[in-house]
Amino acid sequence: MTKLSFVAFDGTRFEVEAENGSTVMENAIRNAVPGIEAECGGACACATCHVYVDETWTDIVGEPEAMEEDMLDFAYDVRPNSRLSCQIKVRDELDGLVVQVPERQG
Amino acid sequence: MESSKTDVLIIGAGPVGLFAVFELGLFDMKCRLIDILDRPGGQCAELYPEKPIYDIPAWPSISAQGLVDKLMEQIAPFKPEFSFNRMVSGLEKLEDGTFRVTTDEDEVIEAKVVVIAAGGGSFQPKRPPIPDIEAYEGSSVFYSVRRMEEFRGHDLVIVGGGDSALDWTLNLQPVAKSVTLVHRRPEFRAAPDSVNKMYAMQEMKQLDFQVGQVTGLKGSDGQLSSATIKGPDGDVEIPCTRMLPFFGLTMKLGPIADWGLNLHENLIPVDTEKFETSVPGIFAVGDINWYPGKLKLILSGFHEVALMAQAAKKIVSPGERIVFQYTTSSSSLQKKLGVAD
Ligand SMILES: Cc1cc2nc3c(=O)[nH]c(=O)nc-3n(C[C@H](O)[C@H](O)[C@H](O)COP(=O)(O)OP(=O)(O)OC[C@H]3O[C@@H](n4cnc5c(N)ncnc54)[C@H](O)[C@@H]3O)c2cc1C
Ligand code: FES
């Protein structure tokens, strides 16, 4: 199991145990983290699972692929550490990952 | 005002509306479909055309667009009529039990039966999350271009990175007083040719391209005076009197709420024998309907239209006996499909 932390917009922290191979979005939904909507269910087709990857983790998590970068055009307040959480797969190296939930999803 | 008649009017040309043509066609009912999109396929065509679907029976994997193409091929023998780029705005039942359907282009269609296959609602432009943008909509902020003249002499800001944003930047540049294109990054999701043209025009100072995101609007009484852009080097204020944001499409229930039908959380409750709504003669199938146990799956929608067609036939041809037949063995069905030998 890999540990993930979500920081909601109001600062509330959600620590969850995630299975490798699942997506960060799926873990947010399973644990009812507020502010992650994931309307399209993880198909990279809605941009409502937008998160900011904590600055200390951006190198390890990596850059979005072209399709995700295109979809990020539809998100609100996109920053250099923005990612769509349905496109981040949980793996051993991500143990301890922290992501912040933005003020709003589109 | 154009006026026409059909047996069955289908609102929505998503996968379920398309397959309804097949099941209705087997019972000799002529169908007309209306959709606000410019092509068939609904969510499959607009939201995820290239993604594979794995739960269409007998198709271990098929792309969403592939499914739409196959459906179009399958219903071709029934020669359905399509009206695209039209929103169905009005639906009323006439005294004789038939229906009068009107569109936002002022067409009137008379039908014996109406099938609502409207999915998640009609696709409409997404409102970008800019504070107070509502106050300027319809007066300074527009989501589409109906007439280019409306932008003549204006300082125009166009926001977005897809084909719509690029095409309108190029098309309105000769008409507007100034054009500023705003996109959050220097890469675009548009045809490379348009992007090159845009950069060439920027080089010649015929337009301006700003990397950034619009964070605020200024103006009064619905009249825009400037937009604040948050870019890599901080905030910039761009004077403007018109704005065109292009942020893709989202589904909104739209006019369906005004048709006097019972609704259940923006869905239309139906029975599970005929998939009929609270108004006899109006059916609802696919993602738009609701009944206990409903699943928003394409395969469920396909099942729904088969049952709905039986009930529709009784309205379109009252008194006629309905015979259950298989397409494999019925020579009369095969004739309709154009496969009889
Ligand atoms: C990313 C994603 C992945 C999916 N994956 C699967 C999957 O694997 N398997 C599966 O079974 N399903 C899947 N679905 C769901 C599936 O796409 C829907 O169940 C299906 O599209 C519903 O079909 P429909 O014909 O009922 O409605 P839609 O496809 O929503 O089509 C409705 C059409 O009606 C039009 N319309 C509505 N109101 C009006 C009006 N007033 N005037 C004019 N036109 C109007 C709309 O513009 C739209 O084109 C997925 C959906 C998404 C978004
Ligand atoms: S859930 Fe829709 S893009 Fe991630």
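To find a chain, count down the sequence lines: A is the first, B the second, and so on, and within it residues start at 1.
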From [X] atom [atom1] to [Y] atom [atom2], the distance as rounded to the nearest 0.5 Å:
X	Y	atom1	atom2	answer
B/Q43	A/C40	CD	SG	11.0 Å
B/R184	A/F74	CZ	CZ	10.0 Å
A/D73	B/F246	CG	CZ	14.5 Å
B/E50	A/M67	CD	CE	9.0 Å

[X] [atom1]: over 12 foreign heavy atoms closer than 6.0 Å:
X	atom1	answer
B/D132	CG	no
A/E63	CD	no
B/K70	NZ	no
A/E19	CD	no

Decide yes or no for B/E187 and A/D70: does some side-chain heavy atom of the first lie under 4.5 Å from some side-chain heavy atom of the second?
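No; the side chains remain at least 4.5 Å from each other.
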Ignoring hydrogens and geometry, is there a side-chain-to-backbone donor-acceptor pair from B/Q213 to A/V78 under 3.5 Å?
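Such a contact is found between B/Q213 side chain and A/V78 backbone.
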Name the region of B/R185, side chain, backbone, both or neither, that has any atom closer than 4.5 Å to a heavy atom of chain A.
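The side chain, not the backbone.
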Measure distances from A/Q105 to the heavy atoms of chain B and classify the residue's part below 4.5 Å as side chain, backbone, both or neither.
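Nothing of A/Q105, per the 4.5 Å heavy-atom cut-off to chain B.
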